[in-house]
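Have a look at the structure below, then the notes.
Because the structure is a prediction, the values reported are computed rather than measured. Both backbone and side-chain heavy atoms feed into the values below; hydrogens, waters and symmetry mates do not.
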Amino acid sequence: MSCVALACYDVLDAIFEHLDGLEETWYDYDPTIHDSYAWHIREGFVAGRRTLASCARVCRSFFDPAVARLWRNVDDISRVSNLLRCAPSMLAEPLAGHLKLGNEKLPTNLQLPPQLVRAMEYARRIRAVHGPRKLSRSHDETYFLPAWVPMRLLPQLRCMRLNLDVCPSTDMSKLASSSLHSLHVIVSATSPRRVSPADASLSVILSNAPSLRYLRVSAADGLKGRWVDSIDDLPKLETLDILECASKDMTPYTCLRPLSALRNLQHLKFHLPDSAPTVGVDAFPSLRTLTLDAAHAPFRTITTLLSTITSQVLESLTLLNCQCISASINSELHEMTDVLRSKFSASLRRLALDLHGTSHPLADTQPLIKTMEPLLHMHALVDVRITASFEVLAIAASSEDLRKMAEAWPHVTRLHLSYGGSLIPIGDFATTARRCPHLADLIVPGIDASTSKLEVCSESSAHGLRFLSLYDGGSRSMISDPRSLAKCLDASFPAVDWRCPRDGAESWQETIEELVQLRIARLQGSF
């Protein structure tokens, strides 16, 4: 019975499916290293493909289902293009005419060379092009296709990562398919050709992919051209990521209005222009996550854009490189957070705020908890990360920050307070852990662990805290007795992973070393 089961193609395909790379792994990609961000995804993907290749070599019954799975996910189409170029033109052209008629099967009346049959069969199985793991020195022919190759060479293609540096513009349209729903376009910063999307026919690909739901553009030097005009022809687009595309070439003034009208757009990442953008009346009605790079935009532009969003389901907001250079930065920041409270208090769950820029000499220094007071009324927040570089002098921490935030956000799971100012009393750690039972990751500006403060340390209580670190690395923290502090922290948080940077202050490093020794001694005593 087992031999009969293993001879069934469907049974073997169901087994080999567990070795095949998941479609979700295609989205995890770092253009700078030409590979996945996560090491476990990289290793798992390679290991699965090696096992499939081994299965294909074991016996004939394994060959077809294993090879079919192997060709579903490829790094590039170089092997297919090489086989197609080897085919004699006298046989290839009749085949091209046969395929242009919409026939799915290869003709039986032609004596086709084996390499051509394999190429066409393999091309029909490809569903995801993941991009080369390493760029080859001689990759000019990777995407070059013979002239006779018909449109829609890859009829089942769903996800494609396309490097415009190596793909000829005349062949891009042949790779597009109506089944394509995810596209990642890459132009390297060192590209000698400085590819233009107008010349590379990127707009042709977008027009040939009406079902596109995901579009990401990675171009450190920018992408010139009017390709953004084709975005409004993608009614099913759900994710647009142009954060890795230089803002100088992005023409955001013309693309924001059609973007804001896309009914299905849920995830958006882009550079904010330096002046208030123009959007439609019912702007971004379905937006769930928004990431803005405001390196060239004043705070009031951020506030203007946020006030125009009509979505009632915005869950995540990330504001990067916000410039705190205005003399009225405190009132502007208060106005922006008040917009968040009035429009997204019911839906917003995750907020990340990144502040940069040298403060204006006329700006008054105020506690952050006062400047961002409207956020304390958004009790549904579960993930808050606030980062301010040390040159942002107009915003400072107060000793009450952690306590008030714990009272305002009882369901928070991650709280990062990475900015300078007053130190947090050590007693507030245990209080925060009790008030926020789901809090697992905590970063505080600094710690006040003077001798008088150590007396408030209590024994361990139920909490979910697992990671805790100091933003200042202990350089500004008051640590009078590292050994006593270690005993206090170990008693209150015996299972917490205490993080210390390599360049941290000697007193904090000594505290961490004492904590490690106490934990080792406790583990040895349990045996």
Side-chain angles (χ1 to χ4, degrees), residues 272 290-294 297-307 309 314-360 363-424 428 432 435-436 439 441-446 471-472:
L272 196 62
L290 176 62
T291 301
L292 299 175
D293 189 330
F299 246 99
R300 296 197 183 279
T301 302
I302 303 175
T303 305
T304 301
L305 177 63
L306 294 176
S307 62
I309 297 176
L314 186 66
E315 301 172 353
S316 177
L317 175 63
T318 302
L319 302 177
L320 304 174
N321 300 315
C322 299
Q323 300 300 306
C324 303
I325 58 178
S326 171
S328 57
I329 181 59
N330 290 292
S331 60
E332 293 174 1
L333 186 56
H334 187 277
E335 181 183 1
M336 188 268 291
T337 55
D338 191 51
V339 169
L340 294 180
R341 178 197 59 79
S342 60
K343 294 184 67 68
F344 312 113
S345 180
S347 63
L348 198 64
R349 297 293 182 270
R350 292 174 293 277
L351 174 64
L353 183 60
D354 183 26
L355 306 175
H356 291 274
T358 304
S359 297
H360 195 281
D364 296 330
T365 301
Q366 294 186 11
L368 183 67
I369 202 70
K370 179 180 179 181
T371 303
M372 307 180 70
E373 187 269 341
L375 292 181
L376 299 181
H377 300 281
M378 302 176 64
H379 305 299
L381 288 171
V382 298
D383 187 344
V384 180
R385 287 167 289 167
I386 303 174
T387 303
S389 56
F390 284 108
E391 65 266 18
V392 184
L393 302 178
I395 299 173
S398 68
S399 58
E400 299 181 349
D401 282 6
L402 188 60
R403 179 179 58 83
K404 290 187 176 180
M405 291 179 180
E407 295 175 353
W409 306 322
H411 306 293
V412 69
T413 59
R414 177 166 57 176
L415 181 59
H416 289 184
L417 308 179
S418 304
Y419 48 83
S422 301
L423 304 176
I424 304 298
D428 287 358
T432 301
R435 289 178 174 173
C436 306
L439 180 61
D441 191 352
L442 176 63
I443 296 179
V444 296
Y471 172 64
D472 64 356

Residues Asp354, Thr387; criterion side-chain hydrogen bond (donor to acceptor under 3.5 Å, both in side chains); working and verdict | CA-CA 5 Å; Asp354 183 26; Thr387 303; 4.9 Å; no
Apply side-chain contact (heavy atoms from CB on, under 4.5 Å) to the pair Leu376 and Arg341, showing each step before the final yes or no.
-> CA-CA 9 Å; Leu376 299 181; Arg341 178 197 59 79; over 6 Å; no
Take Leu272 and Leu319, measure what side-chain contact (heavy atoms from CB on, under 4.5 Å) needs, and give me the verdict at the end.
-> CA-CA 10 Å; Leu272 196 62; Leu319 302 177; over 6 Å; no
From CA spacing to verdict: side-chain contact (heavy atoms from CB on, under 4.5 Å), Asp401, Asp428 = CA-CA 10 Å; Asp401 282 6; Asp428 287 358; over 6 Å; no
Working for side-chain contact (heavy atoms from CB on, under 4.5 Å), residues Leu353 and Leu333 | CA-CA 11 Å; Leu353 183 60; Leu333 186 56; 4.0 Å; yes
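In this structure a side-chain-to-backbone donor-acceptor pair under 3.5 Å is present from Trp409 to Met378. A distance-only check finds no donor-acceptor pair linking the side chain of Ser345 to the backbone of Ser342 [under 3.5 Å]. With hydrogens and angles disregarded, a donor-acceptor distance shorter than 3.5 Å links the side chain of Lys343 to the backbone of Ile309. The backbone N or O of Val382 lies less than 3.5 Å from a partner atom in the side chain of Thr413, making a donor-acceptor pair. Under the 3.5 Å distance criterion, the side-chain polar atoms of Arg350 are left unmatched by any main-chain donor or acceptor of Leu348.
Two residues are said to be in side-chain contact when any heavy atoms from C-beta on lie closer than 4.5 Å; Met336 and Val339 fail this criterion. Contact of the Glu335 side chain with the Ser328 side chain is not registered, since no non-hydrogen atoms from C-beta on lie closer than 4.5 Å. For the pair Leu417 and Leu368, the minimum side-chain heavy-atom distance is 4.5 Å or more. Between Leu355 and Ile329 the shortest side-chain heavy-atom distance does not fall below 4.5 Å. When side chains are defined from C-beta on, Ile386 counts as touching Met372, because their heavy atoms get closer than 4.5 Å. The closest side-chain heavy-atom distance from Ile424 to Arg403 is not below 4.5 Å. For the pair Leu320 and Thr291, the minimum side-chain heavy-atom distance is below 4.5 Å. Side-chain contact between Thr337 and Thr371 is absent, with no heavy-atom pair separated by less than 4.5 Å.
From Arg349, atom CZ reaches atom CG of Leu314 across 10.5 Å, with rounding to the nearest 0.5 Å. Taking CG of Leu351 as the reference point, atom CD of Glu315 lies at 14.0 Å (rounded to 0.5 Å). Taken from CG in Asp383 to CG in Leu439, the straight-line distance is 10.5 Å, to the nearest 0.5 Å. Rounded to the nearest 0.5 Å, atoms NE2 (His334) and CG (Leu375) are 9.5 Å apart. Distance check, rounded to the nearest 0.5 Å: CG of Leu340 to NE2 of His377 gives 13.0 Å. We find the NZ-NZ distance between Lys404 and Lys370 to be 10.0 Å, quoted to the nearest 0.5 Å.
Closest non-hydrogen pair, Tyr471 versus Ser418, comes out as CD1-CB, 3.3 Å. Between Gly446 and Asp472, the shortest heavy-atom contact is CA-OD2, 3.7 Å. Of all the heavy atoms in Cys324 and Phe299, the pair that sits closest is SG-CE1, 4.1 Å. Of all heavy-atom pairs between Pro410 and His379, the closest is CD-O, 4.2 Å.
At most 12 heavy atoms of other shown residues, nucleotides or ligands fall within 6.0 angstrom of atom NE2 in His411.
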